[in-house]
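A quick write-up on the structure given underneath.
Remember, predicted model here, so these are calculated numbers, not experimental data. Whatever order the structure lists ligands and atoms in, that order sets their numbers, starting from 1.
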Amino acid sequence: MLQIGQTIIECVQGDITKENVDCIVNAANEHLAGGGGVDGAIHRAGGPSLMAELKAKYKGCPTGSAVITGAGNLSAKYVIHAVGPRWKDGLYHEAEHLASAYQKSLELAKEHGCKTIAFPAISTGVYGYPKEEAAHVAIRAVLAFIKTYPGFEKIRFVLFDAESLTIYQKYLP
Ligand code: AR6
């Protein structure tokens, strides 16, 4: 846990669909088409209204950006669908795109008056981003954002596997 101003940044192991926060972030794809991993879990738990809203409002979402919908049956108010990069070899602006996915998510959360937000480890599943590097990028992006905007109360990284939790705990003890 790390506290900067009024913002608590913490990491926990768990299923992000169970989080009691204003908004949860999804690791989506550019087509906003749904899929496996955390995306599948969020759409299953949230119900069909998420996909209906995505289809009605958005044509897709470029890598490094994010869009927002309601959260259907989830206890969160919003789901932010962020698109992280597929990992190639680190020479294709992966870090920049990943940082941007976190930053855009935080901007949307701020615009919608959210005080609490939960992130998964975007890109570290199907998209193959090395977990340690991805954690650095994620934490750096969050710290940079809260320097300019101190209004969040809680930013949680919800890690599905023990390995990811251990990595985050090194930086957010
Ligand atoms: N709660 C929290 N984290 C989870 C959960 C959960 N319920 N389920 C999985 N994770 P991934 P990506 C972790 O593959 O790499 C989808 O098909 C998982 O262990 O969900 O960004 C999309 O539609 C991993 O650490 O997302 C895209 O096509 C992290 O979430 C593509 O996968 C991200 O893994 C996006 O790939």
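- Atoms of ligand 1 found under 4.0 Å from any heavy atom of Gly37 (numbered from 1 in listed order, with element): 8 (N), 9 (C), 20 (O).
- Here Ala27 has heavy atoms under 4.0 Å from ligand 1 in both its backbone and its side chain.
- An N or O contact shorter than 3.5 Å links Ile16 to ligand 1 by distance.
- In this structure, atom 25 (O) of ligand 1 lies nearest to the protein heavy atom Thr124 OG1, 2.9 Å.
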Audit row: Phe152, Ile9, side-chain contact (heavy atoms from CB on, under 4.5 Å) steps and yes/no: CA-CA 10 Å; Phe152 289 113; Ile9 307 168; over 6 Å; no
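- In this structure, Gly34 counts as a contact residue of ligand 1, since one of its heavy atoms falls inside 4.0 Å of the ligand.
- At least one heavy atom of Gly14 sits less than 4.0 Å from an atom of ligand 1.
- Of all atoms in ligand 1, listed by their number and element, those nearer than 4.0 Å to a heavy atom of Gly35 are 17 (O), 23 (O).
- Between Leu159 and ligand 1, no pair of N/O atoms sits closer than 3.5 Å.
- Residues Leu108 and Ala66 come closest through the heavy atom pair CD1-O, 3.5 Å.
- Distances from atom 18 (C) of ligand 1 to the heavy atoms of Phe119, Phe160, Tyr129 show the closest one on Phe160.
- Listed by number with element, the atoms of ligand 1 under 4.0 Å from a non-hydrogen atom of Asp39 are 22 (C), 23 (O).
- Nearest protein heavy-atom contact of atom 7 (N) of ligand 1 is Asp15 OD1, 2.9 Å.
- Under a cut-off of 6.0 angstrom, the local environment of NE2 in His112 is crowded, with over 12 non-hydrogen atoms contributed by other residues, nucleotides or ligands.
- Interatomic distance, Ile117 CD1 to Arg156 CZ, rounded to the nearest 0.5 Å: 13.0 Å.
- In this structure, atom 20 (O) of ligand 1 lies nearest to the protein heavy atom Val38 N, 2.8 Å.
- The only member of Val25, Leu159, Ile42, Asn26 that meets side-chain contact (heavy atoms from CB on, under 4.5 Å) when paired with Pro120 is Val25.
- Between Thr17 and ligand 1, no N or O atom pair is found at a separation short of 3.5 Å.
- From Leu74, atom CG reaches atom CG of Leu50 across 6.5 Å, with rounding to the nearest 0.5 Å.
- The nearest heavy-atom contact from the protein to atom 14 (O) of ligand 1 is Val126 N, 2.8 Å.
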Candidate pair Asp22 and Lys77, rule salt bridge (charged side-chain N to carboxylate O under 4.0 Å, His left out), full reasoning: CA-CA 5 Å; Asp22 294 335; Lys77 295 190 196 98; 3.0 Å; yes
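- Across all their heavy atoms, Pro85 and Thr63 have their closest contact at CA-CG2, 3.6 Å.
- Ranking the protein heavy atoms by distance from atom 31 (C) of ligand 1 puts Tyr127 CE1, 3.6 Å first.
- When all heavy atoms of Leu106 and Ile155 are compared, the pair lying nearest together is CD2-CD1, 4.2 Å.
- Heavy atoms of Gly36 approach ligand 1 to within less than 4.0 angstrom.
- At a cut-off of 3.5 Å, with distance as the only test, a side-chain donor of Glu132 or Tyr171 sits close to an acceptor on the other residue.
- The SG atom of Cys61 sits 7.5 Å away from the CD atom of Glu30 when rounded to the nearest 0.5 Å.
- In this structure, atom 21 (O) of ligand 1 lies nearest to the protein heavy atom Ser123 N, 2.8 Å.
- Applying the 4.0 Å criterion to heavy atoms of Asn29 picks out, from ligand 1, the atoms 22 (C), 23 (O), 27 (C), 28 (O).
- In summary, the atoms of ligand 1 found under 4.0 Å from a heavy atom of Ala41, numbered by their order in the structure, are 7 (N).
- Here the straight-line distance linking atom NE2 of His81 with atom CD of Glu53 works out to 7.5 Å at 0.5 Å rounding.
- Annotation: atom 15 (O) of ligand 1 to nearest protein heavy atom, Gly125 N, 2.8 Å.
- Closest approach of Cys114 and Tyr78 over heavy atoms only: SG-CD1, 3.6 Å.
- Ranking the protein heavy atoms by distance from atom 33 (C) of ligand 1 puts Ala121 O, 3.3 Å first.
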